[in-house]
Amino acid sequence: MIKLHDKYFKPFISASDIDKAISKLATQISEDIGDEIPVFVGILNGSFMVVSDFVKKYPRPCEVTFIKLASYEGVKSSEDIQRLIGLTQDLTGRTVVVIEDIIDTGNTLHDIYRIFKNEGVKALKIATLFYKPEAYKKDFKIHYIGIEIPNKFIVGYGLDYDGLGRDIPEVYQITTENQMTNIVLFGPPGAGKGTQADFLKSKYNLVHISTGDVFRYNINNETELGTLAKSYMDKGDLVPDEVTIKMLNAEVDKNKTAEGFIFDGFPRTDAQARALDELMKSKNSSINAMIALEVNDEILVERLLKRGETSGRPDDANESIVRNRITEYYNKTAVLKDYYTSQDKYFGVDGVGSIDEITERLSNVIDDL
Ligand code: AMP
C-alpha cells in the first residue's frame, strides 16, 4: 500500500499486465493500419508512459507527437471548453491514432473529436490503455481498448493524484480499507520465530522483518548502525529504542507494496509497541495480532547452545549470555503481553513440537483473524 497526499492506494495492475495490454494494442493497430505510416498522438500529461512503451512495440514505421488540452482561462462553466496546445504538424490526409492513458467519462474525447474535425485527417482512431465502462457517458467510438477497469480512482503509469504518482511503473487503485495482515511474532530467543516466520511469509505472502537479522546484517557490513548495535548485542542487551525504532521504520518503508508484515524480534519494549502502532496507523493499517510461541526456559537454553555450535553467533555460544537474553526477554517484554492483551490481540501458541505442528497452530490463529 502507498500513500499519496492524504489518500491510500493498493497495487492493482502489475507492470507485466500493462506490458501485455500494450503489446496487444500495438499488434491490433498495426494489423488494421498496415503499411501506411500513422501519426500517433499522445494526450499529455498522463499518456507519456503509455505512448513511449507503445511506439517501442509498434512493429512498423510511425510518427509520434504529443498535444495537451487546457481549459480556457477565465471560463467558469461546468462544461469547460478545452483548447489545444502543441499541435504544430499538418495532419491533412493522415491516419491519426490518438493514444490515451485512460478514458473515463469521455469528456476529453469529446474535445479531441471537436479539435480534429478541423484538421482534415484521413481517419481518426482512438486507442486507450485503460477504459472505465461504468463511467463512460458519451457515444464517441473508442477503437482500441487495452484493459477495462472498474470505476475507481487509479494512479501510476503516467496517471497522477494531484501531481503525484505518475512515475510509478505499476497501477494502484484507491483504497479505504485496511487489507494488510500484520503479525507480531513473539517469543523468547530460541523459540523458533525465524523458522516459523519463513513458512508463514510464503504461505500468507508477507514480508518478514527480523530486527535481529537486520542488526546482524549491519554488523557484517560494518555500517555505523552495526557498530552501534554490536556493543549491546554482544552482551545480550537490547539496542536502545531510538535506534531500533528508526531502523524498523526504514525497513517497513522499503516494502511499500507489502500485503502485510511479520515482525520478528520487534517490538521488545512498550515504547517500540507504541511506535509500531503509530507507524501502522500512518499506513492506514494496524497490527492484527501478537502471536507468542511459548517454550520452557530449559528447552530454550538447550536449543540456543546447540544453535551456537553452528550459527557462529557470539550471543548463542555462552550459557550465561543465553540466560541473560532469556531473562531480558521476560523482564522487558512482559509489558508487551499486557499491551496486546488489552487490545484483545494476544494469542499464545505452544512452541514445543515438530516444525509442521507449530506452523499449523500458528496458521489456525492467522486464519481466524
Ligand atoms: P534476536 O535475533 O531477535 O534474538 O536479536 C538479537 C539481538 O539484537 C538482541 O539481543 C538485541 O541486542 C538486538 N535486538 C533485536 N531486536 C531488537 C529490538 N526490537 N530492540 C532492541 N534490541 C534488539
Side-chain angles (χ1 to χ4, degrees), residues 182-198 200-201 206-254 261-280 287 290-295 297 299-340 351 362:
N182 298 308
I183 308 284
V184 173
L185 193 56
F186 196 57
K193 297 188 296 286
T195 310
Q196 291 301 330
D198 272 347
L200 297 176
K201 77 173 182 197
L206 305 174
V207 172
H208 172 209
I209 299 181
S210 153
T211 39
D213 284 351
V214 180
F215 282 133
R216 280 184 287 277
Y217 175 86
N218 278 278
I219 291 173
N220 291 338
N221 287 283
E222 296 176 359
T223 67
E224 210 177 310
L225 174 67
T227 315
L228 183 66
K230 188 170 168 31
S231 55
Y232 298 93
M233 285 175 73
D234 281 353
K235 286 183 277 174
D237 292 339
L238 290 186
V239 178
D241 278 343
E242 199 194 322
V243 178
T244 312
I245 291 169
K246 205 168 139 206
M247 181 199 79
L248 193 274
N249 286 3
E251 287 299 310
V252 168
D253 276 342
K254 277 187 204 160
F261 292 92
I262 300 174
F263 296 102
D264 162 5
F266 189 97
R268 269 174 151 108
T269 65
D270 192 50
Q272 291 181 10
R274 280 183 278 116
L276 185 59
D277 276 351
E278 277 301 304
L279 177 65
M280 289 294 109
I287 293 295
M290 168 186 259
I291 311 182
L293 287 170
E294 293 165 347
V295 181
D297 282 6
I299 299 181
L300 292 175
V301 173
E302 200 182 304
R303 282 189 192 172
L304 287 170
L305 290 175
K306 189 141 183 264
R307 183 169 80 182
E309 289 168 14
T310 52
S311 71
R313 278 179 58 167
D315 56 351
D316 281 347
N318 173 304
E319 181 165 345
S320 71
I321 292 179
V322 164
R323 288 198 184 271
N324 180 34
R325 283 166 62 206
I326 298 172
T327 312
E328 178 99 350
Y329 171 82
Y330 286 114
N331 286 344
K332 290 240 169 96
T333 58
V335 60
L336 293 172
K337 187 170 174 181
D338 297 342
Y339 185 91
Y340 288 101
L362 292 169

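Nothing fancy with the numbering, it's 1 onward along the sequence. It should be emphasised that the depicted structure is a prediction, and the values quoted were computed from it without experimental measurement. Note that ligands are numbered from 1 as they come in the structure, with each ligand's atoms numbered from 1 the same way.
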Residues D213 and R216 bridged, charged N to O under 4.0 Å:
yes
One line per pair, note the atom names and distance for all nitrogen or oxygen contacts under 3.5 Å between ligand 1 and the protein.
residue  : atom   : partner : partner atom : Å
ligand 1 : 2 (O)  : R216    : NH1          : 3.0
ligand 1 : 2 (O)  : R216    : NH2          : 2.9
ligand 1 : 3 (O)  : R268    : NH1          : 3.1
ligand 1 : 3 (O)  : R268    : NH2          : 3.1
ligand 1 : 4 (O)  : R268    : NH2          : 3.3
ligand 1 : 4 (O)  : R325    : NH2          : 3.3
ligand 1 : 12 (O) : D237    : O            : 2.6
ligand 1 : 16 (N) : T211    : OG1          : 2.7
ligand 1 : 16 (N) : G265    : O            : 3.3
ligand 1 : 16 (N) : R268    : NH1          : 2.8
ligand 1 : 19 (N) : G265    : O            : 2.8
ligand 1 : 19 (N) : Q272    : OE1          : 2.9
ligand 1 : 20 (N) : Q272    : NE2          : 2.9
ligand 1 : 22 (N) : V239    : N            : 3.0

Backbone N or O of T223 within a donor-acceptor pair of the T227 side chain at under 3.5 Å?
yes
When the side chains of residues 299-306 are checked against the rest of the protein, which donor-acceptor pairs come out under 3.5 Å, sequence neighbours left out?
residue : atom : partner : partner atom : Å
R303    : NH1  : G190    : O            : 2.9
R303    : NH1  : A191    : O            : 3.4
R303    : NH2  : G351    : O            : 3.2

Assign the ring pair F261 / F263 to parallel, tilted or perpendicular, where the plane angle (0 to 90°) is split at 30° and 60°.
parallel
Donor-acceptor list for residues 322-330 side chains, cut-off 3.5 Å, not counting sequence neighbours:
residue : atom : partner : partner atom : Å
R323    : NE   : E319    : OE2          : 3.0
R323    : NH1  : E298    : OE2          : 3.3
R323    : NH2  : E298    : OE1          : 3.1
R323    : NH2  : E319    : OE2          : 3.1
N324    : ND2  : K235    : O            : 3.1
R325    : NH1  : D315    : O            : 2.7
R325    : NH1  : D316    : OD1          : 2.8
T327    : OG1  : R323    : O            : 2.7
E328    : OE2  : L238    : N            : 3.3
E328    : OE2  : K332    : NZ           : 3.1
Y329    : OH   : G187    : N            : 3.2

Sequence neighbours left out, what passes salt bridge (charged side-chain N to carboxylate O under 4.0 Å, His left out) with D253? Give chain and number order.
K283
